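Computed from a predicted structure; not experimentally measured. Lettering follows sequence order; numbering is per chain, from 1.
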Amino acid sequence: MESPAPRHFLRTIIEEDLREGRVDEVVTRFPPEPNGYLHLGHAKAISVNFGLAEEFGGRCHLRFDDTNPEKESQEYIDAICEDVRWLGYAWAGEVRFASSYFDQLYAWAEHLVREGKAYVCDLDADRAREFRGTLTEPGRNSPYRERGPAENLDLLERMRAGEFDEGSKVLRAKIDMAHPNMNLRDPILYRIRKRSHHQTGDRWCIYPTYDFAHGQEDAIEGVTHSICTLEFEDHRPLYDWFIDNLPVASRPRQYEFARLNTSYTVTSKRKLKQLVDGGHVDGWDDPRMPTIAGMRRRGFTPAAIRRFCEMVGTSRATGVADVAMLEHAIRDDLNAHAPRAFCVLNPLRLVLTNYPDGESETLTVAKHPSREELGSRELTFGRELVIEADDFRESANKKYKRLVLGKRVRLRGAYVIEATDLEKDSAGRVTTVYAQLVRGTLGEDPADGVKAKGVIQWLHAATARPATVRRYDRLFTDPSPDRDEDFLQYLNPESLVVMDGALVEPAVAAAAPEARFQFERLGYFVADRCSHNPAAPVFNETIGLRDSWSGGEGQGA
RNA sequence: UGGGGUGUCGCCAAGUGGCAAGGCACCGGGUUUUGAUCCCGGCAUUCGCAGGUUCGAAUCCUGCCACCCCAGCCA
């Protein structure tokens with residue numbers, strides 16, 4: 001069912017590079033900064049980088065771009081590794097770190113100084129901004145720009161030794177303060193940060209910037225195609241400048257693609273944090289979060305996420321993918337793989353008056369309608385059952401295909417029944433439905449020719465197991481919650497509805513955490529990774545079944 | 001009014017001079033013991049706009065227009 005990967009510009013570039021011998025092996029890398037949790041947008045970058053390497057028989061490195069100790073931590077490193085692994089990708093070799101190249105990077109900085117291509121600048125941040133100019137006006141040269149190599153070398157060494165305060169000095173490349181591309185107006189290579197680093201401890205108090213580090217990291221690792229998002233496009237000339245001016249061992253090339261945006265979703269780190277800190281969700285792995293951890297807990301499969309990334313394609317045009325595509329991907333995967341089971345969210349008592357009291361029988365029902373190899377399950381059937389309250393009406397129009405008083409319905413995998421009577425409480429709500437079992441309808445249509453109107457799921461009252469079922473819906477009601485600074489106004493108040501009185505089949509209650517099911521006629525559900533256990537089952541709704549009825553006109557009462 | 005990008009169906013996206021793939025969504029119809037799945041059919045005389053080159057253009061040229069990114073000692 002995996003359709004062939006669509007052609008896109010990166011594939012074309014790689015094919016040509018291979019064909020024309022510019023590279024012998026494709027080497028890519030996924031370079032997250034360990035300063036937050038991975039989300040759907042990262043899944044896209046992961047899919048592109050690992051996917052391309054896989055497809056062309058090359059390799060992909062997992063490399064943490066840890067050049068800024070201020071906001072990074074080991075906790076994120078561990079979480080990111082876990083997420084990448086869960087998505088089903090294996091990085092080549094060990095996990096890598098920009099920080100393990102700090103010695104080399106420093107040596108290269110000295111090289112540039114010796115060549116007269118870098119200098120130590122004493123301008124503070126505010127002054128530097130003034131000298132940088134604006135988008136339409138050129139900048140001016142720093143008064144420190146003409147320091148000689150010897151002085152610069154000495155100053156750089158003393159920066160490294162910790163002799164200067166944070167912000168008092170930086171190392172800059174000497175390029176062109178009037179360049180129309182702001183990135184080339186003497187960019188910063190090193191800044192002073194007297195912070196200990198999660199990998200290198202207190203060994204350094206100066207840290208390289210992204211620009212001075214990334215391309216060289218790629219060159220050290222032999223990365224051939226350094227794939228990033230569009231906002232780095234303006235940095236490419238600088239990326240190339242370092243590669244051209246340093247004695248690096250290989251020649252990586254940077255390519256950019258449009259980052260993934262998805263409708264009804266926010267992925268900015270700041271906004272996700274706001275959702276967590278504001279208590280609008282239950283944490284970074286809340287099943288409504290577009291984080292990898294959240295989607296995992298929601299019941300998404302790695303295959304579906306990967307498929308979605310392929311479906312959306314890879315281009316240079318910024319756009320918004322319809323979340324319906326993601327929903328399609330997960331339904332498609334789960335429809336094929338998830339075993340079927342019965343769950344009743346709002347139980348309504350059903351008594352079969354012509355079924356012998358105290359007796360029961362065991363029915364065998366397939367776990368999947370079209371995949372016999374998935375086997376079958378056994379269900380107890382008896383006089384007292386429960387059905388979904390929504391599946392019974394005292395009266396209804398012809399479009400209602402469930403149980404109606406005086407009419408017939410098929411109990412899925414079991415018999416046809418006919419509702420004969422009901423009981424109500426003082427509030428007028430139906431508490432019990434009485435029905436007659438139509439004999440000879442197990443696997444057969446009624447002999448009298450009066451067919452059942454529809455099919456509903458059911459559970460044996462005495463053996464069904466209570467469960468908590470969390471029904472989830474889109475977190476936002478607006479397709480572009482991101483367009484507003486006040487995105488919280490679009491929060492969907494019904495993004496989570498907890499069903500406390502649900503019932504499930506005994507075997508379902510006993511399932512392992514992360515086991516996935518299709519609860520027939522409802523949707524796909526997963527045993528919660530964190531809180532599910534056989535004594536107190538908890539299921540999260542991954543996605544509902546497509547429904548061409550409830551939203552539309554056909555709703556018959 | 002600096003530089004860099006992007007504009008093909010409601011959304012994503014192929015296409016690189018020979019006469020508009022595909023997916024999602026949507027709308028019909030069929031099958032069905034899940035109002036699911038599955039199956040069949042429909043869905044851009046038109047490619048941001050205007051000119052031009054050509055027998056022929058979404059693809060080449062010119063000029064417009066719209067939108068996105070860049071002025072962190074973030075990545």
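In terms of polar N and O atoms assigned as donor or acceptor, the side chain of A:Arg340 comes within less than 3.5 Å of the base of B:rU34 in a complementary pairing.
Rounded to the nearest Å, the gap between the C1' atom of B:rA44 and that of B:rG15 is 14 Å. Comparing B:rC38 with B:rC24, their P atoms sit 9 Å apart, to the nearest whole Å. Of the C1' atoms belonging to B:rC27 and B:rC70, the separation is 45 Å, rounded to the nearest Å. Nucleotides B:rA13 and B:rG7, compared at atom P, are 9 Å apart to the nearest Å. Taking atom P in both B:rA58 and B:rA20, one finds a spacing of 9 Å when rounded to whole Å. The C1' atoms of B:rG5 and B:rC9 are separated by 24 Å, rounded to the nearest whole Å.
Sequence order on RNA chain B of the closest nucleotides to A:Arg402 and A:Glu137 puts A:Glu137 first from the 5' end.
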Is there any protein nitrogen or oxygen under 3.5 Å from a nitrogen or oxygen in nucleotides 14-24 of chain B, and what are the pairs?
residue	atom	partner	partner atom	Å
B:rC24	OP1	A:His328	NE2	3.3

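Applying the side chain to side chain contact (heavy atoms under 4.5 Å, CB included) test to A:Glu361 and every residue at least two apart in sequence or in another chain returns A:Tyr355, A:Leu363, A:Phe381, A:Tyr415.
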Just by protein heavy atoms under 4.0 Å, how would nucleotides 65-75 of chain B read 5' to 3' in B, S and -? ----BBBSBSB

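Taking the six-membered ring for Trp and the full ring otherwise, the centers of A:Tyr239 and A:Phe232 sit at least 6.0 Å from each other.
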